[in-house]
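Worksheet for the structure shown next.
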Amino acid sequence: MQYKYTDRGAGAIIGCQCARKCRHTKGDSAEIHLLFRVGGLVRIRIWCGLSRLWSAIVRKQFSVLPRLRRGIFCFANFSPPCGRTETLMEPQFYGTVLALLPPIIAIGLALITKEVYSSLFIGILVGGLLVSDFSPIGMINNAVREGLIAAVEGTAGIFVFLVVLGIIVALINKAGGSYAFGEWAKKNIKSRSGAMLATFALGVLIFIDDYFNCLTVGSVMRPVTDAHKISRAKLSYLIDATAAPVCMIAPISSWAAAVSKFSEGMELSGLELFIKAIPYNFYSLLTLVFIITISLMKFDYGSMRIHELNARVKGDLYTEGERNESAEVTPSPRGKVIDLVIPVAILIVVCVLGLIYIGGFFGVDAWGGADFGGDFVGSFGNTDATIGLPWGGIISLVIVLVYLIARRVVSFKEAMECIPQGFIAMVPAILILTFATALKNMTGMLGADVFVSGLVNNAAGLSMLLPAIIFIVACFLAFATGTSWGTFGILIPIVMAIFPVSETGEISELLIIGMSACLAGAVCGDHCSPISDTTIMSSAGGQCNHLNHVSTQLPYAVSVAVLSFVMFIIAGFVQNVWIVLPIGVALTVLFLFVMKRIMIRRYGKDNI
């Protein structure tokens, strides 16, 4: 059996018609689905008629394929011994605008009904129906097998990490570490603005990985923001806005390494191109300016204003929806601030070591390769968070257990009682993540990326306006699919084709701006999308109702997106970051000054 990589595009189904000559099939035809799985693994499934004949996970045979992750589909050509292959019928609506219908329905229903579970499930069923060309049995088969089961398989590692983190948080609460930190914060962080900026600063410091950022910042800062009556919606926004946007402008992060992988094959290395693109990443940079300014100006607008007003005046941190209150825990009277700081420090250090270990920093990676020994950045690009984070989390949990029991702030029995408590706290996040990933799978099988890629290619003639167009397309694709990694994985090759390197090897400024627009749009759409994994985990980290988080952060994210769109238009013509970036910062601050004036006129100074 031979395997060859071909760039057929997402959704390609290659079949073999070799009757009885091929020992791998026993019928007249077979469908070979090669779907990319996280961590460089490729799932191969072969059907003959209605029976699945063979299923396997191939590792070394596909070592030449890019190790992508988070919902990116990568397809290969299956060559049976007989050498006869042909492309089978794709879904009727493959690569059309209807490929975006399932997420649009799910998002629309969620915003209308305020109920996320049923909305996502209906979106999955609609996707299964379109993939199966309106076959009821096919709909159930696709929704269950390629949707839900594949989602659990692909995100099981993150589920483990969520549960481990929930257990560690429960242990810290029981040990009195969170209570002691909250008491310390009351004395040393004097204002609501200070609490918001402290949350922002911690989010910026944890720039290694967005998953880790979302859950760690929420666990550490929740007692502080609760003490200063900051709503859970605002806390979740601060977490979300310092997760992916910060990772996208940090040269040493899993995101930077992944982008550099996508950008290989140029005179300039992928990492150098990523670094050059950072000053033009207007969405990420202006989001940071936006957070600092609105925290210092002490006002809010949109639905966030209502949540913050209720928290500040009534002490209601939730306003509406289910209240993710942890069960009342009597903290240990021996607990100190170090009982929070040391466990969190252990978690950070061990998880970082886990990520680079899986990526091959210490010699051999999880897939047997030895290309990144001693290469810190390269090992991050080669790692898989769904393996590295559980690896580090479980080791951290054992160390934290031993530490807290040795400190005599919890007994062994109390520590064991924290295990089910931690699991229960993470059940809502696990459910939403499962449904959201299943919906992404349906969208991928319908070829949403093929449809969007065609739109970008059709606009290639508008060179000066192209960065702004790329930004909007990336926003839309990331919002609909819920994956920023999938979005820039699809669009980066298109951007590099539209702005080719000159014969002398010189890279145009427009290529750098176009790359930045692609990355900024991917982060923006992911930030806004209710089916994004980072949005879901920000809700979990802030213990906020998911739809409350989505609806309150959307006005803020859209405001920065509009400002970024304007800046990409200007950048397409000016092409000088030292002129364009200060203009963007000034426009952001001016926009917030104007918004505050409007809010004061409409609601009064005490109600903003």
Side-chain angles (χ1 to χ4, degrees), residues 159-189 195 198-199 201-202 205-206 208 211-228 232 235 239 317 324-355 357 388-427 429-430 540-543:
F159 294 167
V160 172
F161 183 67
L162 283 168
V163 171
V164 167
L165 192 65
I167 296 169
I168 291 175
V169 170
L171 282 168
I172 292 171
N173 289 340
K174 187 65 181 175
S178 298
Y179 178 79
F181 183 73
E183 292 298 307
W184 175 87
K186 287 179 185 177
K187 297 176 183 177
N188 294 276
I189 300 178
T199 305
L202 183 60
L205 288 174
I206 304 178
I208 295 294
Y211 286 178
F212 188 55
N213 179 303
C214 290
L215 298 169
T216 304
V217 174
S219 301
V220 173
M221 296 306 299
R222 202 181 308 121
V224 180
T225 56
D226 285 357
H228 286 279
R232 293 294 175 85
L235 172 61
I239 295 169
L317 302 180
N324 297 317
E325 296 279 10
S326 301
E328 278 297 319
V329 175
T330 304
S332 169
R334 297 180 181 179
K336 297 181 179 179
V337 174
I338 60 168
D339 295 321
L340 180 141
V341 173
I342 290 179
V344 170
I346 291 170
L347 185 67
I348 292 172
V349 171
V350 177
C351 282
V352 171
L353 289 174
L355 288 168
Y357 169 75
L389 290 180
W391 190 95
I394 290 171
I395 294 174
S396 300
L397 176 59
V398 173
I399 297 172
V400 170
L401 267 172
V402 173
Y403 165 76
L404 294 177
I405 292 173
R407 279 260 303 135
R408 296 184 178 180
V409 289
V410 294
S411 66
F412 180 78
K413 182 180 179 181
E414 289 172 333
M416 293 302 102
E417 290 173 350
C418 291
I419 292 176
Q421 291 173 12
F423 181 85
I424 292 168
M426 291 299 175
V427 166
I430 290 172
Q543 288 192 355

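Note that the coordinates shown come from a computational prediction; the quantities given were computed from them, not determined experimentally.
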ask   = Above 12 or not: heavy atoms from other molecules or residues under 6.0 Å from CZ of Phe159?
value = yes
message = So, taking the atom named CG in Leu397 and the one named SG in Cys418, what distance separates them when rounded to the nearest 0.5 Å?
response = 10.0 Å
ask   = Quick one: does Thr199's side chain get under 4.5 Å of Val224's, heavy atoms only?
value = no
key: CG-CG distance between Leu171 and Leu404, expressed to the nearest 0.5 angstrom   = 6.0 Å
request  = Kindly give the heavy-atom pair with the smallest separation between Ala175 and Val409, and that separation in Å.
outcome  = CB-CG2, 3.6 Å
ask   = Looking only at heavy atoms, which two atoms of Trp391 and Leu353 are closest? And how far apart?
value = CZ3-C, 4.3 Å
key: Heavy-atom neighbours of Tyr179 OH exceed 12 at 6.0 Å   = no
message = Donor-acceptor pair, distance only, cut-off 3.5 Å: does the side chain of Glu183 make one with the backbone of Ala180?
response = no
query = Rounded to the nearest 0.5 Å, how far apart are CD1 of Ile419 and CD1 of Ile424?
reply = 12.0 Å
Between OG on residue Ser332 and CZ on residue Arg408, distance to nearest 0.5 Å = 12.0 Å
message = If you compare all heavy atoms of Ile239 against all heavy atoms of Gly542, which two are closest, and at what distance to 0.1 Å?
response = CD1-N, 3.7 Å
key: CD1-CG distance between Ile167 and Leu401, expressed to the nearest 0.5 angstrom   = 8.5 Å
query = Nearest heavy-atom pair of Leu162 and Met426: which atoms, and what distance?
reply = O-CG, 3.1 Å
Residues forming a side chain to side chain donor-acceptor pair (under 3.5 Å) with Tyr403, sequence neighbours excluded = Asp339
Side chain to side chain, Glu417 and Lys174, heavy atoms closer than 4.5 Å = no
request  = Please tell me if the side chains of Arg232 and Asp226 come closer than 4.5 Å, counting only heavy atoms from C-beta onward.
outcome  = yes
ask   = Is there a side-chain contact between Ile168 and Val344 (heavy atoms, below 4.5 Å)?
value = no
request  = Provide the closest heavy-atom pair for Pro343 versus Ile338 in the form atom of the first, atom of the second, distance.
outcome  = CD-O, 3.6 Å
key: Nearest-0.5 Å distance that lies between atom CD1 in Ile172 and atom CD1 in Ile342   = 11.0 Å
request  = Would you check if the side chain of Arg222 reaches a backbone N or O of Gly541 as a donor-acceptor pair within less than 3.5 Å?
outcome  = yes
task = Can you see which heavy atom on Leu389 is nearest to which on Phe161, and at what distance?
result = O-CD1, 3.3 Å
